[in-house]
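Naming convention: chains lettered A, B, ... in sequence-line order (proteins, then strands); numbering from 1 in each chain.
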Number of protein chains: 2
Amino acid sequence: MINNASKAAQEELKRKGYKLTGPRIAIINYLAESQEHPDMQQIFAGIRAEYPGIGMATVYRTLGLLLELDILRAITVNKNQLLYELKKPDDHHHHLVCTGCSQIIEFGSCSFKHISSEIETVTRYSIEDHTLEAYGLCPQCQGDFQVERG
Amino acid sequence: MINNASKAAQEELKRKGYKLTGPRIAIINYLAESQEHPDMQQIFAGIRAEYPGIGMATVYRTLGLLLELDILRAITVNKNQLLYELKKPDDHHHHLVCTGCSQIIEFGSCSFKHISSEIETVTRYSIEDHTLEAYGLCPQCQGDFQVERG
DNA sequence: GTGTGTGCAAATAGTTTGCATTCGG
DNA sequence: CCGAATGCAAACTATTTGCACACAC
């Protein structure tokens, strides 16, 4: 059960009629414990540590299921890297990716809602969602960069 | 030479010491003429029409080169679809993707600069860049949706 | 018990690389 | 000419699928 996020995800799975199997619990626990934003390889490796018999196909299928059920969110950084995070209720945040060490932190400020209606008026689209990722150097890498230059 | 965007890209290649070959010109012309935001498959298919002998590897290598030289921009939509567009000078825009028909239009309003310094203060990151994509229904698909519901 | 879920391996898709040949400058 | 660029095929990586078996309910 590990923590609240894990518990909520497991209950949601069950509520929607899916079986709570060993592999699924292991995957959900891994995601719930993970403080970073792991990619597929990290998830697979991390789960293997606790559940050695698991196969890649199961991880792919389970992540796909969790995404479909809106339990999991996928974000894309650096054009082609897919990362995952369990959804939390009412948590609208975006990601700030360090271009030096790839560390990712979350930020809550999002000004998109301020211009959303303007864009709707101009374009006549009805906007449902958006993604926003920012890139820059973290404090540590700013320091390293100073050192490199001497 | 086709148009200004093509001309500018070709000159930039030459200026940086790369050869202006048939395949490269065909790829640049295709990108410069393209009004939509094509993906790799569309680019390859489109160029084959004009330059039948071209190989996939050349397209991959050329797109990689143009990205590296900052002549081309890649955007990611729907988590895992990579689309390309030639860069134009001083053109800061983002993309609005129709969740019905996948049509993409550009919008110029971007409120990120308003919160950028706030995020820098809070996080101590130095922000260099950002991506923003919005999703919603285009006017046409909003109509179709009404019809479907009767 | 029953049918969903799993692991494995094979199939598929997407991208990169090695190398002989071609071609732009 | 000469070296960079190309086309082809093979290699490599990532993801999906088919199927016999296992396990949650």
Q.
Run A/Glu120 and A/Arg124 through salt bridge (charged side-chain N to carboxylate O under 4.0 Å, His left out) and show every step you take.
A. CA-CA 5 Å; A/Glu120 288 190 322; A/Arg124 295 280 157 205; over 6 Å; no
Just how far, in rounded Å, is [atom2] of [N] from [atom1] of [X]?
X       : N      : atom1 : atom2 : value
A/Gln81 : D/dT15 : CD    : C1'   : 17 Å
B/Ile25 : D/dA5  : CD1   : P     : 13 Å
B/Met40 : C/dA13 : CE    : C1'   : 13 Å
B/Ile54 : C/dT21 : CD1   : C1'   : 17 Å
B/Met56 : C/dA13 : CE    : P     : 12 Å
A/Tyr18 : C/dG5  : OH    : P     : 7 Å
A/Phe44 : D/dT13 : CZ    : C1'   : 14 Å
A/Arg48 : C/dT6  : CZ    : C1'   : 13 Å

Q. Are OP1 or OP2 of C/dT4 and a side-chain N or O of A/Thr21 less than 4.0 angstrom apart?
A.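 The answer is no; no side-chain N or O of A/Thr21 sits under 4.0 Å from OP1 or OP2.
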Q: Find which nucleotide of DNA chain C each of B/Gly22 and A/Gly55 is nearest to by heavy atoms, and output the residue with the more 5' nucleotide.
A: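 Closest to the 5' end, via its nearest nucleotide, is A/Gly55.
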Look at the side chain of [X] and decide which nucleotide, out of [options], has an atom nearest to it.
X       : options                : value
B/Arg24 : D/dC25, C/dG25, D/dA5  : D/dA5
A/Ala57 : C/dC8, D/dG7, D/dA5    : C/dC8
A/Lys19 : C/dT15, C/dG24, D/dA24 : D/dA24

(Q) Over all strands shown, is B/Tyr51 touching base, sugar-phosphate only, or nothing at heavy-atom distances under 4.0 angstrom? (A)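 Sugar-phosphate only.
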Q: Determine the contact category for B/Gly53: base if any of its heavy atoms lies under 4.0 Å from a base atom, sugar-phosphate if only primed atoms, P, OP1 or OP2 are that close, otherwise nothing.
A: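 Counting heavy atoms under 4.0 Å across all strands, the contact made by B/Gly53 is with sugar-phosphate only.
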Do the side chain of [X] and the main chain of [Y] share a donor and acceptor less than 3.5 angstrom apart?
X        : Y        : result
B/Gln81  : B/Asn78  : no
B/Thr58  : B/Ile54  : no
B/Lys14  : B/Leu20  : no
B/Ser111 : A/Ser111 : yes
B/Thr76  : A/Lys79  : yes
A/Tyr125 : B/Val97  : no

Q) Can you list, by residue number, the residues of residues 58-75 of chain A that have a non-hydrogen atom closer than 4.0 angstrom to DNA chain C? A)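 By residue number: A/Thr58, A/Arg61.
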Q) Do B/His93 and B/Glu85 meet the criterion of a side-chain donor-acceptor pair at a distance under 3.5 Å? A)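 Yes, B/Glu85 and B/His93 have a side-chain donor paired with an acceptor closer than 3.5 Å.
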Q. Heavy-atom count around B/Glu68 CD within 6.0 Å, excluding the residue itself: above 12?
A.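 No - once you tally the heavy atoms of other residues, nucleotides and ligands closer than 6.0 Å, there are 12 at most.
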Q.
Angle between the two end axes of the helix from C/dG1-D/dC25 to C/dG25-D/dC1, five base pairs per end, rounded to 10 degrees?
A.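 About 40°, once rounded to a multiple of 10°.
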**Q.** Parallel, tilted or perpendicular: rings of A/His94 and A/His130 (30°, 60°)
**A.**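 The rings of A/His130 and A/His94 sit tilted, inter-plane angle from 30° to 60°.
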